[in-house]
Amino acid sequence: MSQPTFRAPKGTFDLVPPRGDAILAVRDAMAAPLRAAGYGYIETPSFEQTALFARGVGESTDIVTKEMYSFTTRGGDDVTLRPEGTAPVLRAVLENGLHRGALPVKLWYSGSYYRYERPQKGRYRHFSQVGAEVLGSDDAAVDAELIVLAVDAYKALGLNDVRVLINSLGSHESRPAYRDALQRFLRGLDLDDETAKRVEINPLRVLDDKRPEIQKALEDAPVVVDFLSEADRAHHDKVRALLTDAGIEYEDDPRLVRGLDYYTRTLFEFVHDGLGSQSAVGGGGRYDGLSELLGGPRLPGVGWALGADRTLLAMEAEGLALPEPPGVTVYVVPLGEAAERRAFGLVTQLRRTGVATDVALGGRGLKGAMKAADRSGARYALILGERDLAGGVAQIKELATGEQSAVNLDEVVAQLAGRTGAG
Ligand code: AMP
C-alpha cells in the first residue's frame with residue numbers, strides 16, 4: 001500500500017467517527033452542568049498577542065519558556081496559538097467590559113489548545129479542553145461550586161475513579177513568608193544549575209519538578225498550608241466544608257502546585273489513576289491577582305479546564321462504552337432512477353419532520369442497499385421499487401423482524417413519523 005503524502009503533524013491526531021462523536025459527547029457532558037448553572041458561552045480567538053501569555057501565564061513557566069507556538073505575522077505582530085484559556089478569557093472580559101455589569105460573570109468555553117510538548121500518551125501538541133471561569137467574586141462558594149460542577153460532569157460520563165486533590169497557595173498575605181521558607185530549604189539541597197536558578201526566580205515551580213530524585217529531596221520541604229494567613233485559612237476551610245456538605249470526596253494535597261503562575265488560594269486537580277504518568281484529567285484554581293497583572297482593575301476569579309482527550313482515555317481505562325454516533329432511524333432504499341428522484345424528496349421531508357434518515361446512493365442494487373440499511377442501525381428500511389412507485393406505494397420494512405407492509409406514498413412520512421415518535 002502506498003503511504004499518504006501528508007500526515008497530521010507530530011503530536012497531533014485526527015478524531016474520526018466513532019471517536020469523533022465520542023469526544024463531542026464528552027464535551028457536551030462537561031458543558032451541561034455549567035449551562036444548567038447559568039454560565040454563558042464565550043469564544044475567543046485561537047491566537048493572541050504573545051505578551052498576554054508571557055505576562056498572564058508567567059515568564060518562567062514551562063508553558064511560556066518551552067511550549068508556545070509563537071510566530072510573527074506578515075504585519076509584524078508577535079502572536080501565539082493559545083496554550084490555555086484563562087488569560088484569553090480574562091482579556092476578553094476586560095476588553096468587552098463584562099466586569100462593569102452584574103458580578104460575578106460566569107463563563108464557559110470549549111476549544112483547541114496548543115503546546116509544543118514532548119508527545120506521549122495523553123500529552124499532545126494539539127488538545128481540546130472545556131473550561132469555566134467565574135470573575136468578580138472572592139466567595140469560597142464559587143470555588144466549591146466549580147469543583148462540584150466538574151465532578152458532576154465526570155459522573156455523568158460514568159467515570160468512577162476520578163480523584164479530587166485540593167490545596168491552597170495562599171494570597172499575597174501568605175506567599176512571601178512561605179516563599180522565604182521554601183527558598184531557604186531549597187538552597188540547602190544539592191541541585192543542578194538550572195534547578196538552582198529556578199529556586200531564585202520561582203521556587204514554587206521546583207515543587208512541580210516530576211523527577212523522582214527531586215521529589216524525594218522535597219519530602220521535608222515546608223508546605224504552604226502551614227503559612228496561610230487567617231483570611232486565607234478561612235477561605236480554604238470554607239471551600240472544604242462546602243465540598244463535604246455536597247458529598248464530594250476530596251484529598252488534601254499540600255504539595256499540589258500547577259504549571260501556571262497566576263494561582264492564588266484554592267488550587268485543585270482532577271486525577272485518574274488509570275492513565276499512567278499523564279494522570280490529570282482537569283484542573284484549576286483561583287487567580288485573584290491576574291486581572292491587575294493584565295492591566296485591569298481588581299477582579300478576583302476562579303476557574304478550571306478539563307481535558308477532553310484525556311477524559312476519553314480515562315473512560316477507556318475504566319472499560320466504559322464510548323458514546324456512539326446517534327445513527328439514523330430510517331434507511332431509504334430506492335431502486336431505479338425514477339425511485340431515486342422520488343426518494344430524494346421523501347428523505348428531505350422525513351428529515352424535516354424530525355426522523356433521522358439516510359439513503360442508499362448511486363443506484364445500488366437491493367442486496368447491497370439492504371446490507372447498508374442493516375449496517376446503518378436503522379429501525380426501518382423504506383423500499384421504493386419501480387413497481388411500488390407505479391402503484392403509488394412504498395414498502396416499510398421493520399429490520400429487526402423483517403415485517404413488511406405497503407404504504408401509500410403520500411402517507412409514508414406521517415406513518416414513519418408516527419411509528420418513530422417524531423413530528
Ligand atoms: P492545564 O491548563 O495544564 O491545567 O490543563 C488542564 C487539563 O487539560 C489537564 O488536566 C489535561 O487534562 C489537559 N491537557 C493539558 N495539556 C495537555 C496536553 N498537552 N495534551 C492533552 N491534554 C492536555
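Order of appearance sets the numbers: ligands from 1, and atoms from 1 within every ligand. The figures that follow rest on heavy atoms only: side chains count, while hydrogens, waters and symmetry mates do not. Just so it is clear, the structure is predicted and the values come from calculations on it, not from any experiment.
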Donor + acceptor pair across side chains of S279, H272 (<3.5 Å)
no

Test your reading of the structure: does E117 have an N or O sitting under 3.5 Å from an N or O of ligand 1?
yes

Flag L306 as yes when one of its N or O atoms lies below 3.5 Å from any N or O atom of ligand 1, and as no otherwise.
no

May I ask you to establish whether R125 and Y116 are in a cation-pi arrangement, using a distance under 6.0 Å from NZ or CZ to the six-membered ring centre and at most 45° from the ring axis?
yes

Enumerated ligand 1 atoms positioned under 4.0 Å from heavy atoms of G122
20 (N), 21 (C), 22 (N)

Below 3.5 Å, N or O to N or O, backbone or side chain included: is there any such pair between A280 and ligand 1?
yes

Y124 and F13 aromatic ring geometry - parallel, tilted or perpendicular at 30°/60° bounds:
perpendicular

Has D143 got a side-chain atom pairing as donor or acceptor with T266's backbone, closer than 3.5 angstrom?
no

Donor-acceptor pair between Y109 and Q129 side chains, under 3.5 angstrom:
no

For atom 18 (C) of ligand 1, which of the options F127, Y116, Y113, Y114 provides the nearest non-hydrogen atom?
F127

Any nitrogen or oxygen of E84, side chain or backbone, less than 3.5 Å from one on ligand 1?
no

Side chain of Q215, backbone of L207: donor and acceptor closer than 3.5 Å?
yes

Is the shortest N/O to N/O distance between G282 and ligand 1 below 3.5 Å?
yes

With atoms numbered from 1 as shown, which atoms in ligand 1 lie under 4.0 angstrom from a non-hydrogen atom of G307?
7 (C), 8 (O), 12 (O), 13 (C)

Test applied, side chain to side chain donor-acceptor pair (under 3.5 Å); reference residue, S174; option that passes from D226, D232, T264:
D232

Show which atoms of ligand 1 fall inside a sub-4.0 Å distance from at least one heavy-atom site of Y124.
18 (C), 19 (N), 20 (N), 21 (C)

Heavy-atom contacts with A305 under 4.0 Å: which atoms of ligand 1 show up? List them by number with element.
6 (C), 7 (C)

Side chains of E84 and Y262: any donor to acceptor distance under 3.5 Å?
yes

Whether D309 lies under 4.0 Å from ligand 1, heavy atom:
no

